[in-house]
Amino acid sequence: MLGAIAHLVFLGLYGVAVFTVLSALLATGLGLLVVLGIGALFLLGFVYLLFGVAYLETARIEGLYQFGLPMLRARRSPKRGFGGFLHTVWLQFIDGGMWRAVAHLAIATVLGWVALFLVSGVVRSIAAAFAPLYAPDGVASAFGFRYDVAVAPVVGTIVAVLALAALVGLALLHGVLARVLIAPIREAQLAAAARDATTQRADAIRASDVERTRIERDLHDGVQPRLVSVGMTLGLAQQKIDTDPQSAKDLVSEAHTSTKAAITELRQLARGIHASVLDDRGLDAALSAVASRSHIPVSVDVRMPARAGRDAEAAVYFAIAESLTNAAKHSRATEARVTVRARPDGGVLWARVEDNGIGGARVLPGGGLDGIQNRIAAIGGTARLDSPAGGPTSLEVSVPCAS
């Protein structure tokens, strides 16, 4: 209770300063918007100051009432370039959680003014209650009322008690408003987390379907016909082994070559399902192995102070491997670059694959890029493709990691 009263008294001064600065930024931005666009900088500052104010207000309420609120997070657009930046600013401006926190601060500031007035009245009433000690023949006053000093102890005490009761009422009202305006932020974030979990589950199922389809296609179009050919070749060799031993020997040699090719394809298919080197030696070694098998030169730059977790590393590995495969098949690129960074401060594993090909890559249902996005989204990450016509093509992925 005392903490809430202290907060209100502080907000009576802090809130005035905050809203004065916000009003100045908004008025200046709107006034200078037509002058070479200078006002846009002030409006940008206005939006992000709003977010900072809302963040501090949420942290203040959480520290005071322990609602278990997660802190506000800045909104980000999935788009790139200047358009993506403007979209980010717009998403931040319309963030409902931010505006609820700002509205709560505005109301709390008004309550703070009242609290300042009541605290001042309590101090004056207490001083008036002792008026007979320093002004035996005068008059006392509290909250603008003047009365004879003879009744000052009684009147001063009553007024002080009423003012303290009003302060307690303000503190309780502050708590109620916090539950009404700020606590829904947590509910909204929990609802969003539930929606994200449902989306991730759907993406995981879809990624599994795409992966199963890819494996079936690779088996049906690659290994299966080759093994059928091996069987037919060995059958012909068996028929000719008595009448034409040399032809049978050549057929057996051909079957042996086809068998080795089938084994190689099966190994590549197994790597597409699970890369054992990833578990044994980490992401750097696994990506180096992928680069060494690529049909185009690939430079790999991996900087990770520690392992990032099996799921995160596997998702990034398969995203990069599929991107390099697509680049080799479709992009006509002569080189590619792979960059991987671990960001422990944000718990994020970030990777970028870029080639100098012709561009024009698109995400098609059931395609390799669709599989990448589904696999990344399934573990709560994001994938961003940039492939203008004429190139270059770049794919950026960010996934939460355990480091």
Side-chain angles (χ1 to χ4, degrees), residues 78 80 199-200 202-215 218 268-279 281-296 298-304 307-331 333 335-343 346-355 357 359 361-387 392-403:
R80 300 192 64 187
T199 302
Q200 289 177 17
D203 289 335
I205 294 173
R206 190 178 176 194
S208 298
D209 291 339
V210 171
E211 188 69 10
R212 187 188 69 251
T213 302
R214 182 187 68 82
I215 294 171
D218 290 345
Q268 292 176 346
L269 182 60
R271 290 193 192 102
I273 300 173
H274 176 70
S276 57
V277 67
L278 183 63
D279 291 335
R281 300 173 55 193
L283 188 58
D284 193 357
L287 292 179
S288 297
V290 171
S292 67
R293 297 192 300 268
S294 176
H295 297 298
I296 58 176
V298 180
S299 62
V300 179
D301 181 11
V302 178
R303 301 181 188 178
M304 297 173 57
R307 299 296 295 269
R310 187 177 187 277
D311 292 340
E313 290 185 355
V316 170
Y317 169 81
F318 286 113
I320 293 173
E322 183 66 27
S323 297
L324 293 177
T325 300
N326 288 341
K329 288 181 179 179
H330 310 296
S331 72
E335 64 175 358
R337 292 185 298 275
V338 174
T339 307
V340 180
R341 296 287 185 271
R343 299 171 177 170
V348 172
L349 181 62
W350 174 87
R352 176 184 175 91
V353 186
E354 184 175 5
D355 65 64
R362 296 292 181 269
V363 179
L364 301 176
L369 292 173
D370 186 38
I372 289 174
Q373 290 194 340
N374 291 331
R375 184 186 288 270
I376 295 299
I379 63 170
T382 58
R384 179 181 298 174
L385 174 68
D386 184 21
S387 184
T393 295
S394 66
L395 175 72
E396 292 186 12
V397 298
S398 297
V399 297
C401 59
S403 61

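All figures in this text were calculated on a predicted structure; none of them were measured in a lab.
Atom-to-atom distance recorded for I376:CD1 and E396:CD is 12.5 Å, nearest 0.5 angstrom. In this structure, the separation between CZ on R337 and CD on E354 is 4.5 Å, given to the nearest 0.5 Å.
Across every non-hydrogen atom of V399 and A312, the tightest pair is CG2-CB, 3.8 Å. Shortest non-hydrogen contact noted between A319 and V397 is CB-CG1, 4.4 Å. Residues G359 and T393 approach most closely at CA-OG1, 3.3 Å, considering heavy atoms. Closest heavy-atom contact between G357 and A333: N-CB, 3.7 Å. Counting all heavy atoms, side chain and backbone alike, R341 lies closest to D301 at NH2-OD2, 2.8 Å. For the pair V300 and A291, the tightest heavy-atom approach, listed with the atom from each and the gap, is CG2-CB, 3.7 Å.
When each of V353, L324, L287, D355 is paired with V298, the side-chain contact (heavy atoms from CB on, under 4.5 Å) condition holds for L324 and for no other.
Proximity of S299 to E335: side-chain heavy atoms (C-beta onward) are nowhere separated by under 4.5 Å. Between I320 and L395, every side-chain heavy-atom pair lies at or beyond the 4.5 Å cut-off.
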Inset, instruction - Test D284 against R303 for salt bridge (Lys or Arg N to Asp or Glu O under 4.0 Å), laying out the working first. - result: CA-CA 8 Å; D284 193 357; R303 301 181 188 178; over 6 Å; no
